[in-house]
Amino acid sequence: MAAPLVLVVLAAVTVRAALYRSSLAAFIAERVEVASPLNAWKRVVEGLALLDLGVSPYSGAIFHETPLIIYLFHFLIEYAELVFMITDVLTAVALYLAIQDFNKVVFKKQKLLIELDKYAPDVAELIQTPMEMHYIPLKVALFYLLNPYTVMSCVAKSTCAINNSVIAFFILATIKGSAFLSAVFLALATYQSLYPLTLFAPALLYLLQRQFIPIKLKSKSFWLYTMQYASLYLCSLVVIICLSFFLLNSWDFIPSVYGFILSVPDLTPNIGLFWYFFAEMFEHFSLFFVCVFQINVFFYTIPLAIKLKEHPVFFMFVQLAIISIFKSYPTVGDVALYIAFLPVWSHLYRFLRNIFILSCVLIFCSFLFPVLWHLWIYAGSANSNFYYAITLTFNIGQILLISDYFYAFLRREYYLTHGLHLTRQDGTEAMLVLK
Amino acid sequence: MITMLKPSPGEQEMLWAPWDSHHRRCLAAAAVPSPRGGPGLAVWELPGVLQRRQALPCGEQPRESRRPRRSGAAKSPGDRRSPRSVLGTARPAGNHPNCDGARASPAAPISAWQKEPSESRSSASHTTRAGRDHPCGSVTALPLAPGLGPAQAQPGWLFSPRGSRLAPFCSSRDSPAARAPTASPWRPRKRRHCWRGRKRKRRGAGRGGMAAAVLLLLLAAAAGPGRADAGRERRDALREELLLSPLPTGDVAATFQFRTRWDADLQRGAVSHYRLFPKALGRLVAALGVRELHLALTQGFWRTRYWGQPPLQAPAGAELWVWFQPTVTDVDKAWKELSNILSGIFCASLNFIDSTNTVIPTASFKPLGLANGTDHHLLRYAVLPREVVCTENLTPWKKLLPCGSKAGLAVLLKAERLFHSSYHSQAVHIRPICRDASCLAVSWELRQTLTVVFDFFSSGQGKKDWSLFKMFSRTLTDTCPLASQSKVYVDISPKNKEKELLEVSPPPTSVHEAIVQGEKKTYAVYDLLSPLLFNTSRSLNVQLKWKRPQDSSEMPIPTLHAQRYVAGYGLQTGEICTLIYNTHPYRAFPVILLETVPWYLRLYVHTLTIITKGKENKPSYIHYQPAQDRRRPHLLEMLIQLPANSVTKITIQFERALLKWTEYPPDPNHGFYVGSSVLSALVPSVTAMKDMDVEQSPLFASLFPSSDGSSYFVRLYTEPLLVNLPTPDFSMPYNVICLTCTVVAVCYGSFYNLLTRTFHVEEPSRGGLAKRLANVIRKFRGVPPL
């Protein structure tokens, strides 16, 4: 099993190394889809240059990385390409291990439920077989490492790769059941980009499930464990933030990183929904709409937690997708992370309604981004609306894709308990509807 | 904020010391407010003879004492000295341009005082017209009194320099009660206080001495017109000058300078009577704690490469830089207030100066006048490159002149001609200067300058001949009676070694040679106050004719010139390139480059490259302040060493930001201006410069200091840049809001559906109204129902 993974890693490293040496690297690094103001490599270098000049990197509006990133690259700037390749490989390996473990859990759970006769009798074809599940971890690693989005992100040296890596390790720690490491990595991820805060809920659910603690609001052990995990998380967050404070000896990074993420002052175009909306917003509604748009990331967490409390990993996947759609400076690197999870849900394929159209939309949009950017910025024959239209389409595509997966997941769950061949009262074949 | 890599001692001096040595000497003796807020003097480097004279008791006296301090001051030992000896001993302070009162030789003070006949003239006869800012009309009847010879020196005025020097210290405590109407409204009440001591001394002979005084006065009047009041101290003086210089390209540059000097201390706030100095500016200086103010409004761009060094450079648009007093606590507030007030005074959009275009340079702008230190936090600098300068700015500027545009050189300032030119720049400079050589008191100087470049080569059918009338459609007819000096200089320096090619008419009163900005210049001087000039004709129309067409193949290239442009294409990124040329054949010199870039061009300082002769040139000093969105511009200051005969290319990359749609100007696709970058340098002179007589050479030598004979100060401004930014579609706000919100709603809707609903097996329904209706019809038709 390890040999194919090594092959995939080798292929991925070769592709990246080749791209680093090609003239495409500079072109890719400039792409707004790949490098946002938050994680562009150019800005990291600028921050280091400012530090060298004796200017606080946070005194300007260019640098928005966290202090730990500065210190990481302060020592590793010479090996940046290597760092990014290793990060990608580590992410893929972490995901591989996590999914491998998750598959075992799924298999055990499935077996238990069959033994307990919880499934309907005619759902044999819905049950995931070990045969099917065997290649899923490899596919996940493959999807992550050879996804063009990840490759471009890595070639552009977007620090998004580091965030992804932290999140992948968080997922690994969670699935392995280590509450401490999970809390630490979640704190790191939150510290890096704030939005992974919402992953607290699925991680907690998963750990509770693993500890066989029933999720009941009246149960004492539930609250005890929740408090334990939350305090672990908060403590590590405080430690990390204090560490950053002691590294730079100032709190300047708080407004410059988190204020920048939340208030969206930089309207450089990207693949998200924020930039054009706030470029065109009326000044006195601006604050209101910033709140409305930011709340979208956090808004779905609690309803999802209630609906998917039995399936925290799927919850994590949906939440990652929501983050990548609604974060203020999204890049294709964020999209790549949740796309890597798609093989895990390959058993939902038969219930997806419009996967073909949606994948076409996403692929065509990916090609149209640079084309319309060129028409607007360089050729001058198009205007900003063209690029905006394509971001809208891309986001609609993502939203529909996620809701399609969500729908398929719920539907499969229904079939598992109610049987695949539903009949009406009069004995004819029934349709399944949402009510 | 500041990186000092490794400047050489010379460079350190350039950065942290005032531009010149004389300046420093002046600093030493600058007047500073005493801690208690009262006036006082600080002298800490001067010879003993001056040390003694610092003991001015004004500041020491208790606040409630309304007694004039002059009496106390008069008792100080130094005061008893004759002014000549005082000035003589104070000579070490040198003949520095900034210490304008400090004339070169022991004899110089006298000749200097003699040069201002008109102030005594005018103050003699004004009796009733109190409180007017514009004394022009009242003095037209006065006889001209040119040429007060040394023999006419009165004992009375010999006291005056000191009297005037001490005056402000007394005036500061001037009580409102003391401001009773006086015999001469032109003489401020405070001065009477100051003079009381002296008068008392004179009255020492007894009350009958009054008659003697009247007699003395009569005698003095008999000695010659204008001398009646010669015993009065000198208070303020106006000197006006016009420099006409043919430029190498065939254009003609005309530079006016009106210099008002006032021996009063505006800062103390007790000055309420204004004569020549414009009240609006004087009160501004007093109220806002301004130490130095430099405002320039410019239309067009001075092409240094082709026109040579201008006497006074200014960037395109509006430039304002101000040094505030150390007593000002909230400099930003004062700056905001100042720019708004100036905006009103000059009808310019200076009110658009805010934090997004204000910077605090650390090394480029040093005080040009008297200063105690160069704590750059008291400095504010802003440029509005988009500002369009026109008549509405010229009119208020002219109104500040004592004679307005009614008499004197200002007659030539006719808006329709001035703005029909290649370049127009008007400026106001206010600064404190040393009152005299000892530099124990402060005078205030207001310079109003105006530079205009006319293009005669293209409009004059290839002829480069010009005359005053052709340029301004006016000629000079009379002088401003308030001016103590009124001169027209014509630059007739031979461009090459051959014999003169040009001819000026009428014949000049004198010819003056000087070295200005490293070049030997010959000027034909027309002294408008000289009676000879208007004897032959009623008006002066200076004309210049070229004897034979000048071969313009050989154009002198200035030692330091620069060029700047934006490189790159597209609306995403770009690069600002600055080329700095040092054409000096064998000497390298450092230059300070100041770059102010608005926040919406995001500079990446790590892309900064400085290349000279193919090698990287490391700046010895960099000060970089990154921009903050919508709050602060980028500021980049560097000290770069320019090797001899070299071109230095400085490039820095930037990224163009997308702004909010309300942040774009009405013509967003015109582009955004980036202000000129500023080059300050001490340029080594090719010609050895002698210590020249600053008073004699025209104008400008005295605003910027020159450190020694071997180099001269140059401030250059590069081209402003016009940069396009990506624009959103301005017609789209509603559409964008609707469409984006729709996408969010799609997400919300589908998730809401999936989260709140559950799957159910579809049950057969009875159908809607339409179905039931259809079934009724079907029943009639006899077909099975749906």
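Throughout, a chain's letter reflects where its sequence line sits, starting with A, and its residues are numbered from 1. Just so it is clear, the structure is predicted and the values come from calculations on it, not from any experiment.
The local environment of CD1 in A:Ile302 is sparse, with at most 12 non-hydrogen atoms from other residues, nucleotides or ligands closer than 6.0 Å. Sparse packing is recorded around NZ of A:Lys309, with 12 or fewer heavy atoms of other residues, nucleotides or ligands lying under 6.0 Å away. In A:Tyr378, the OH atom is crowded: over 12 heavy atoms of neighbouring residues, nucleotides or ligands sit closer than 6.0 Å. Residue-environment remark: NZ (B:Lys660) exceeds the threshold of 12 foreign heavy atoms within 6.0 Å.
Contact of B:Thr727 with chain A is made through the backbone alone, with heavy-atom distances under 4.5 Å. For B:Leu608, no part lies near chain A; criterion is any non-hydrogen pair under 4.5 Å. With a 4.5 angstrom heavy-atom cutoff, A:Lys435 touches chain B via backbone and side-chain atoms both. With a threshold of 4.5 angstrom between heavy atoms, B:Ala657 does not approach chain A through any atom at all. In this structure, chain B has no heavy atom under 4.5 Å from any part of A:Thr391. Contacts between A:Phe289 and chain B at a heavy-atom distance below 4.5 Å involve the side chain alone, from C-beta outward.
Per-residue counts of heavy-atom pairs under 4.5 Å with chain B were compared for A:Phe278, A:Trp373, A:Phe293; the largest is that of A:Trp373. Comparing A:Leu400, A:Leu392, A:Val292 by heavy-atom pairs within less than 4.5 Å of chain B, the highest count is held by A:Leu392. In terms of heavy-atom pairs under 4.5 angstrom with chain B, the leader among A:Ala49, A:Ala279, A:Ser286 is A:Ala279. Listed options A:Trp275, A:Tyr387, A:Phe274, A:Phe326 were ranked by heavy-atom pairs under 4.5 angstrom with chain B; first place goes to A:Phe326. Looking only at heavy-atom pairs under 4.5 Å with chain A, the residue among B:Phe730, B:Tyr748, B:Tyr752 that has the most is B:Tyr748. Residue with the most contacts toward chain A among B:Thr758, B:Asp629, B:Val743: B:Thr758 (heavy-atom pairs, distance under 4.5 Å). Options A:Ile322, A:Ile396, A:Asp266 differ in how many heavy-atom pairs under 4.5 Å they form with chain B, and the most are formed by A:Asp266. Note on B:Leu739, B:Asn735, B:Val746, B:Asn724: by heavy-atom pairs under 4.5 Å with chain A, the leading option is B:Leu739. Ranking A:Gln398, A:Met281, A:His374 against chain B, the residue ahead of the rest is A:Met281, based on heavy-atom pairs under 4.5 Å. The most heavy-atom pairs under 4.5 Å with chain A, out of B:Leu754, B:Thr756, B:Leu571, B:Thr662, come from B:Leu754.
Side-chain contact between A:Pro303 and B:Leu755 is present, with at least one heavy-atom pair separated by less than 4.5 Å. Contact annotation: the side chain of A:Asn296 never approaches that of B:Cys747 to less than 4.5 Å [non-hydrogen atoms, C-beta and beyond]. Contact check for A:Glu280 versus B:Thr740: no side-chain heavy atoms found under the 4.5 Å cut-off. A:Leu48 is not listed as a side-chain neighbour of B:His606, based on a closest heavy-atom distance of 4.5 Å or more. Looking at heavy atoms from C-beta onward, A:Pro265 lies out of side-chain contact with B:Gln628 at the 4.5 angstrom threshold. Taking 4.5 Å as the limit, some side-chain heavy atom of A:Tyr414 sits within range of a side-chain heavy atom of B:Val761. Using a 4.5 Å heavy-atom threshold, the side chains of A:Tyr388 and B:Pro728 count as separate. Looking only at side-chain heavy atoms (C-beta outward), B:Phe759 and A:His418 stay at 4.5 Å or farther from each other.
Nearest heavy-atom pair across A:Leu267 and B:Arg630 is CD1-NH2, 4.2 Å. The minimum heavy-atom distance between B:Arg602 and A:Arg43, with the atom names listed, is CD-NH2, 3.9 Å. Residues B:Val744 and A:Tyr300 approach most closely at O-OH, 4.5 Å, considering heavy atoms.
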For this session: Evaluate the side-chain contact (heavy atoms from CB on, under 4.5 Å) criterion for residues A:Tyr407 and B:Ser750: first the C-alpha distance (whole Å), next the side-chain angles of each, then the deciding distance (0.1 Å), finally the verdict.
Result: CA-CA 9 Å; A:Tyr407 170 83; B:Ser750 51; over 6 Å; no

For this session: Decide yes or no on side-chain contact (heavy atoms from CB on, under 4.5 Å) for B:Ile737 and A:Phe285, but give the supporting numbers first.
Result: CA-CA 11 Å; B:Ile737 292 168; A:Phe285 293 128; over 6 Å; no

Exercise. Does the pair A:Val45 and B:Tyr604 meet the rule for a side-chain contact (heavy atoms from CB on, under 4.5 Å), with working shown?
Worked result: CA-CA 9 Å; A:Val45 177; B:Tyr604 286 94; over 6 Å; no

For this session: Show your working on side-chain contact (heavy atoms from CB on, under 4.5 Å) between A:Lys42 and B:Gln653 and close with a plain yes or no.
Result: CA-CA 11 Å; A:Lys42 205 175 172 185; B:Gln653 288 176 14; 4.0 Å; yes

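For the atom pair OG (A:Ser384) and CE (B:Met732), the distance works out to 7.5 Å, reported to the nearest 0.5 Å. Note that NE2 of B:His760 and CG of A:Leu422 are 12.5 Å apart. Values are rounded to the nearest 0.5 Å. The OG1 atom of B:Thr607 sits 7.0 Å away from the CD atom of A:Glu46 when rounded to the nearest 0.5 Å.
Between B:Trp661 and A:Tyr276, the ring centre distance reaches or exceeds 6.0 Å. Proximity of the aromatic rings of B:Tyr734 and A:Phe282 is defined here by a centroid distance below 6.0 angstrom, and this criterion is met.
B:Glu655 contributes no side-chain N or O that, together with a main-chain N or O of A:Thr268, makes up a donor-acceptor pair within less than 3.5 Å.
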